[in-house]
Protein chains: 2
Amino acid sequence: MTTRADRPATLDDVARLAGVSRSTASRVIAGTGFASTAARSRVTAAADQLGYVPDPAARALVRGAGVRLAVAASGESAAVLDDPYVEQVVAAAARVGGPYGLGVSLHWLPLAGSTELQRLAEDRGVRGVVLVNTTEPLLAALPRSLRGRVASLGVGSADVPSFDVDNGGGATQVLRHLYASGRRRIAMVAGPHWLPCTQRSVRAYERLARDAGLPVRLLPGDFTAERGRAAAREAVRRWPDTDAIFAVSDPTALGVLAGLRGHGIDVPGDVAVAGFDDIPLAALSAPALTTASHPVGRIATAAATALAEGARAAPITTFPSVLIPRESA
Amino acid sequence: MTTRADRPATLDDVARLAGVSRSTASRVIAGTGFASTAARSRVTAAADQLGYVPDPAARALVRGAGVRLAVAASGESAAVLDDPYVEQVVAAAARVGGPYGLGVSLHWLPLAGSTELQRLAEDRGVRGVVLVNTTEPLLAALPRSLRGRVASLGVGSADVPSFDVDNGGGATQVLRHLYASGRRRIAMVAGPHWLPCTQRSVRAYERLARDAGLPVRLLPGDFTAERGRAAAREAVRRWPDTDAIFAVSDPTALGVLAGLRGHGIDVPGDVAVAGFDDIPLAALSAPALTTASHPVGRIATAAATALAEGARAAPITTFPSVLIPRESA
DNA sequence: CCGGGGGTTGGGAACGATCCCACACCTGAG
DNA sequence: CTCAGGTGTGGGATCGTTCCCAACCCCCGG
């Protein structure tokens with residue numbers, strides 16, 4: 001910290017201080033190519049004496065690499081971007097990005113939004129894309145030039161590695177728990193029909209229903225709390241003998257709780273309620289919500305890290321979901 | 001979309017297609033300097049025919065501007081970064097950044113974290129810094145080179161524009177509401193003592209207590225739900241006649257609700273509870289939480305926009321907070 | 001008719017890093 | 001002793017953009 005110019009140090013400054021050429025300094029800093037141990041130590045010393053941080057812009061420019069990660073969340077409207085789930089993904093990616101000199105930008109992707117995807121592909125600023133709420137058509141419409149620079153939080157494909165929670169497994173655990181505690185008329189509030197993961201949890205539900213000979217009571221959902229309220233009302237009206245409601249999202253489950261309360265129905269006495277995601281507030285509801293964990297932060301971190309490192313990720317990375325039994329079921 | 005090369009178009013491609021020089025094209029795209037209307041229209045036509053997006057890296061490099069916005073959240077531990085409030089700020093900034101070719105990175109700033117601040121100042125990748133949970137010492141330790149590129153979500157200074165909610169006003173509204181509904185022994189769960197905004201709400205509380213001759217029952221807090229639970233227990237033990245608890249954060253208030261429920265205390269029958277922030281789930285608790293709004297998204301958007309545009313912002317921008325009366329008070 | 005002074009244009013030098021390539025050195029085998 | 005091949009080094013060219021500056025055109029006043 002002896003020399004403290006007005007402007008940040010450049011590689012030239014480091015090289016000059018270390019008494020080597022810019023090329024050698026570059027090799028040492030980037031950790032690529034040959035360098036004698038003597039040169040290596042002098043360069044690193046000079047670098048942290050000057051507080052040198054490589055300019056990501058210059059680096060990206062010459063490498064043709066792009067300077068930020070784009071998080072593209074698809075949904076029926078731009079309101080998806082206000083979803084706490086998406087916010088968590090962005091925050092995790094932003095945390096990963098810093099050390100790599102990468103920033104994160106957030107974009108709405110209409111359900112069949114190939115145009116927006118094209119735009120992202122044409123933007124030299126974009127190093128990689130994190131797809132949230134990935135759908136099949138979107139995967140099919142993926143521009144060639146994006147290949148190898150995309151990670152999907154959801155379904156993947158041959159070109160697109162997938163990072164996802166095992167929601168089939170999580171749903172199964174929740175449903176077994178419900179069954180084990182004597183519930184026999186279980187309704188389920190699913191996710192949006194266009195979302196592939198909805199299939200998985202619905203399949204888990206249908207399997208249990210078939211195996212145990214239970215009725216299938218499926219309600220469409222959209223992960224929102226408001227929908228949970230409405231779904232509770234609907235379930236009570238259509239199937240008055242329902243003794244459990246499983247919503248595949250905690251906000252929806254909390255909405256269900258509120259809806260049932262409005263009808264004077266006791267939880268878990270009359271009806272058991274379970275959610276999915278284990279959001280922080282799930283532990284605080286009355287009664288505290290039984291749910292299955294969903295390590296969003298870890299998933300997003302893994303996806304962003306893969307993109308930042310530029311390494312080819314495993315085609316499918318699945319994170320386990322575990323049952324968190326509390327009071328509501 | 002006639003010409004669709006493998007790689008994104010450059011300014012040269014645009015210039016060539018438009019039949020002008022790179023300089024002229026640059027002037028048109030950047031909207032700086034002279035250009036005939038003829039040239040202007042031909043360049044813009046060529047640009048969107050090729051789907052041209054300027055390379056933020058090259059632009060940042062030559063302008064010496066930096067390519068991302070850093071969100072620096074201070075707190076006692078890196079756990080602040082998991083705070084939904086911080087996540088919301090990051091998401092808002094990431095949404096703003098895209099169109100400017102800016103990404104967002106997220107960093108933890110220890111309470112007296114001048115070193116980390118220095119590092120941010122020395123990073124050429126950083127265009128501007130959004131300070132979250134700003135403290136006075138931090139403001140004092142701000143490196144000179146960061147001047148004019150910082151926005152504070154909280155207190156500001158001569159060099160640092162401030163973007164904040166009117167929490168004094170919000171707190172006053174909540175407290176008046178409590179008083180108006182007959183509560184006379186009001187306890188308050190404050191924010192962290194090192195946070196300047198804590199002062200403001202505490203002052204509002206003390207003013208009401210003095211003016212109306214009420215007892216002062218102040219409990220320290222940290223915005224977490226866990227702390228709310230503990231605070232409820234503490235309040236009940238120390239001041240059994242308490243008839244209202246105001247927590248300056250919704251998660252804390254929900255924790256208070258849970259804590260009181262654990263003691264079999266009825267809300268709002270025995271004790272009224274109010275929060276601050278109006279998080280989405282506040283409407284779903286049992287009873288639904290009375291609170292004051294806190295437009296985090298709008299605040300962060302304003303701060304990020306100011307930084308992205310590079311314009312000098314007004315020294316202080318205050319966003320109103322309004323009372324949201326629900327069932328808990 | 002000539003000399004400015006606007007509006008408009010293009011050439012070229014930056015910006016800071018990477019990386020290809022040529023070169024220097026050293027060691028050991030033939 | 002020479003030569004091959006591995007290790008280490010430095011000189012440019014390069015990425016895509018901005019911006020300074022010189023050159024040009026044209027119109028108008030002297």
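Note that these values count all heavy atoms, side chains included, but never hydrogens, waters or copies made by symmetry. Within every chain, numbering begins at 1; the chains are lettered A, B, ... in the order of the sequence lines, protein sequences first and strands thereafter.
- Here B:Leu142 contributes atom CG and B:Leu131 contributes atom CG; the two are 7.0 Å apart, rounded to the nearest 0.5 Å.
- Side-chain N/O atoms of A:Arg27 and A:Thr32 include no donor and acceptor closer than 3.5 Å.
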Go through it in stages, so that I can follow the logic: the residues are B:Thr10 and B:Asp55, the test is side chain to side chain contact (heavy atoms under 4.5 Å, CB included), and I'd like the CA-CA distance, side-chain angles, deciding distance and then a yes or no.
CA-CA 8 Å; B:Thr10 75; B:Asp55 182 344; over 6 Å; no
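- For B:Ile29 and D:dG16, the CD1 to P distance is 15 Å, given to the nearest whole Å.
- Rounded to whole Å, the distance from CZ on A:Arg124 to C1' on D:dT17 is 11 Å.
- Nucleotide C:dA17 holds its C1' atom 13 Å from the CG atom of A:Asp13, rounded to whole Å.
- The CG atom of A:Asp55 sits 13 Å away from the C1' atom of D:dC15 (whole-angstrom rounding).
- Between the CG atom of B:Leu11 and the P atom of D:dT14 there is a distance of 19 Å, rounded to whole Å.
- Taking every side-chain heavy atom of A:Thr10 into account, C:dG16 is the closest of D:dT18, D:dT17, C:dG16.
- Here the side chain of A:Val62 is nearest to one of D:dT17, D:dC19, D:dT14, namely D:dT14.
- Using a cut-off of 4.0 Å between Lys/Arg side-chain N and Asp/Glu carboxylate O, B:Arg119 and B:Glu122 are scored as not salt-bridged.
- The separation between A:Arg59 atom CZ and D:dG16 atom P is 18 Å, rounded to whole Å.
- Salt bridge present: A:Arg68 and A:Asp123 bring a charged side-chain N and a carboxylate O closer than 4.0 Å.
- Of the possible donor and acceptor atoms, one in the side chain of B:Thr301 sits under 3.5 Å from a partner among the backbone N and O of B:Gly297.
- From one end of the helix from C:dC1-D:dG30 to C:dG30-D:dC1 to the other, with five pairs defining each end axis, the axis direction shifts by 60° (rounded to 10°).
- A salt bridge does not link B:Arg312 with B:Asp159: none of the charged nitrogens is closer than 4.0 Å to a carboxylate oxygen.
- With sequence neighbours excluded, the residues satisfying side-chain contact (heavy atoms from CB on, under 4.5 Å) with A:Ala25 are A:Leu11, A:Ala15, A:Val20, A:Val43.
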Counting primed atoms plus P, OP1 and OP2 as sugar-phosphate and everything else as base, spell out the protein contacts along nucleotides 5-11 of chain C at 4.0 Å heavy-atom distance: B, S or - for each nucleotide, 5' to 3'.
--SBBBB
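- Without hydrogens or angle criteria, A:Thr44 side chain to A:Arg40 main chain gives a donor-acceptor distance under 3.5 Å.
- One atom, CG of B:Leu61, and another, P of D:dT14, lie 17 Å apart when rounded to the nearest Å.
- Remark: C1' of C:dA17 and OH of A:Tyr100 are 19 Å apart, rounded to the nearest angstrom.
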